[in-house]
Amino acid sequence: MLGLRTALLTVPLAIAGVLGSTAPAQAATPAHDSKPTSLTCQGRGIDRAAKVHYRTETFVKAPLRTIWDLQTDVEAWPSWQNPAIPVTMKRLDHGPLRERSRFQWTIPVPPGMPYPPGDVTIVSTVRQLQPGKCLRWTGPLDGPGGMHIDGVHVWNFVKVRGGVIVRTEESHTGPQVDKDVPGSTAMLGQGLEIWLKDLKKAAENR
């Protein structure tokens with residue numbers, strides 16, 4: 001639960017925010033402040049009670065099918081994303097991504113982080129999916145030293161003239177993020193902005 005580069009562990013954690021980011025925390029603007037209405041997929045959205053949540057969007061000049069295929073081919077994400085921390089993606093089932101599909105993120109804790117050495121693992125479960133329209137997954141992040149974050153991630157795809165508007169929103173809860181809400185929100189924002197940037201580039205270059 002959470003896209004994959006600097007703050008990629010977004011639960012799907014664009015999380016390297018929690019582990020450590022290569023960009024300054026203030027680089028992300030909390031877009032959700034100006035967009036109070038949450039995104040939904042089949043009526044379900046993020047955890048609105050979460051202290052840490054972020055919403056953003058971008059226009060992608062590419063066919064909807066191309067964008068959807070990139071976003072739902074989980075194991076191929078590393079081929080078009082450029083994580084600051086190596087990430088291994090593994091589907092835990094087979095066939096097209098669908099409701100109840102599960103996938104696992106494995107991320108090594110970088111040296112010098114304030115956590116014991118080891119791997120962070122996220123097991124994401126697709127809760128809602130409407131082909132070409134929306135996608136929502138949830139999943140816990142667990143790591144060494146008792147690290148635990150729960151995340152919810154929603155994606156909307158809206159076909160418009162000349163391309164597609166891709167919107168995404170994510171929430172995180174847990175002691176590691178709740179204790180530093182401004183910084184946690186900024187790092188989550190960095191991860192989502194980079195994910196959208198990479199998705200846009202990959203889709204428009206196909």
Side-chain angles (χ1 to χ4, degrees), residues 1-5 7-16 38-47 53-60 62-83 86-107 119-142 149-160 163-172 188 191-206:
M1 48 20 290
L2 86 234
L4 280 160
R5 189 163 150 176
L8 158 78
L9 301 181
T10 109
V11 147
L13 280 155
I15 183 192
S38 289
L39 301 177
T40 62
C41 185
Q42 297 181 325
R44 299 296 302 275
I46 62 166
D47 181 354
H53 55 96
Y54 189 91
R55 172 177 168 170
T56 188
E57 66 182 57
T58 193
F59 170 77
V60 182
L64 175 59
R65 166 62 78 176
T66 298
I67 299 166
W68 181 259
D69 286 349
L70 283 167
Q71 188 61 23
T72 56
D73 187 358
V74 171
E75 291 186 321
W77 286 351
S79 71
W80 53 268
Q81 295 179 338
N82 300 295
V87 176
T88 300
M89 300 299 305
K90 179 182 179 181
R91 277 287 300 274
L92 301 180
D93 57 351
H94 301 286
L97 202 68
R98 58 194 181 277
E99 289 186 19
R100 294 184 294 280
S101 285
R102 299 168 70 240
F103 51 97
Q104 179 175 298
W105 322 53
T106 304
I107 308 98
D119 289 338
V120 169
T121 301
I122 305 164
V123 178
S124 297
T125 302
V126 176
R127 303 297 181 180
Q128 286 79 33
L129 182 152
Q130 187 174 358
K133 299 285 188 180
C134 65
L135 177 63
R136 177 181 179 268
W137 67 70
T138 65
L141 173 152
D142 292 293
I149 299 171
D150 288 304
V152 183
H153 202 158
V154 181
W155 292 84
N156 285 182
F157 305 84
V158 181
K159 191 173 181 179
V160 296
V164 176
I165 295 175
V166 181
R167 298 186 173 108
T168 187
E169 186 170 25
E170 185 164 4
S171 63
H172 290 180
L188 170 60
L192 294 184
E193 297 290 353
I194 291 170
W195 193 331
L196 282 185
K197 181 179 178 182
D198 285 348
L199 178 61
K200 176 180 173 71
K201 180 179 179 181
E204 292 181 349
N205 285 344
R206 283 203 171 187

Which atom names give the shortest non-hydrogen contact between [X] and [Y], and what distance separates them?
X      : Y      : result
Thr125 : Arg102 : OG1-CG, 3.6 Å
Val123 : Gln104 : CG2-OE1, 4.0 Å
Thr168 : His153 : OG1-NE2, 2.6 Å
Val60  : Ala203 : CG1-CB, 3.8 Å

Do [X] and [Y] come within less than 4.5 Å of each other through their side chains, counting heavy atoms only?
X      : Y      : answer
Arg91  : Ser101 : yes
Trp80  : Asn205 : no
Gln81  : Val87  : no
Val164 : Thr66  : no
Ile67  : Leu199 : yes
His53  : Asp47  : no

So, using side-chain contact (heavy atoms from CB on, under 4.5 Å) as the criterion, who are the partners of [X] when residues are at least two apart?
X      : answer
Lys90  : Glu75, Leu92
Asp119 : Thr106, Pro108
Leu129 : Trp68, Leu97, Glu99, Val126, Pro131, Leu135
Arg167 : Leu39, Arg55, Glu57, Asn156, Val158, Ile165

Listed once per pair and sorted, the salt bridge (charged side-chain N to carboxylate O under 4.0 Å, His left out) pairs that draw on residues 127-139, sequence neighbours left out: none

Within this structure, what is the [atom1]-[atom2] distance for the pair [X] and [Y], rounded to the nearest 0.5 Å?
X      : Y      : atom1 : atom2 : value
Leu192 : Tyr54  : CG    : OH    : 7.5 Å
Asp93  : Phe103 : CG    : CZ    : 10.0 Å
Leu64  : Lys159 : CG    : NZ    : 6.5 Å
Ser124 : Met89  : OG    : CE    : 6.5 Å
Phe157 : Arg65  : CZ    : CZ    : 12.5 Å
Glu193 : Leu188 : CD    : CG    : 10.0 Å

Look at the side chain of Asp73 and the backbone N and O of Asp69, then say whether any donor-acceptor pair between them is shorter than 3.5 Å. no

Quick check: does any side chain N or O of Thr121 sit under 3.5 Å from a backbone N or O of Ile107, one acting as donor and the other as acceptor? no

Do other residues, nucleotides or ligands put more than 12 heavy atoms under 6.0 Å from the CZ atom of Arg98? yes

Measure up the Trp137 and Trp155 rings against each other and bin them: parallel (under 30°), tilted (30 to 60°), perpendicular (over 60°). tilted

So, using side chain to side chain donor-acceptor pair (under 3.5 Å) as the criterion, who are the partners of Thr58 when residues are at least two apart? none

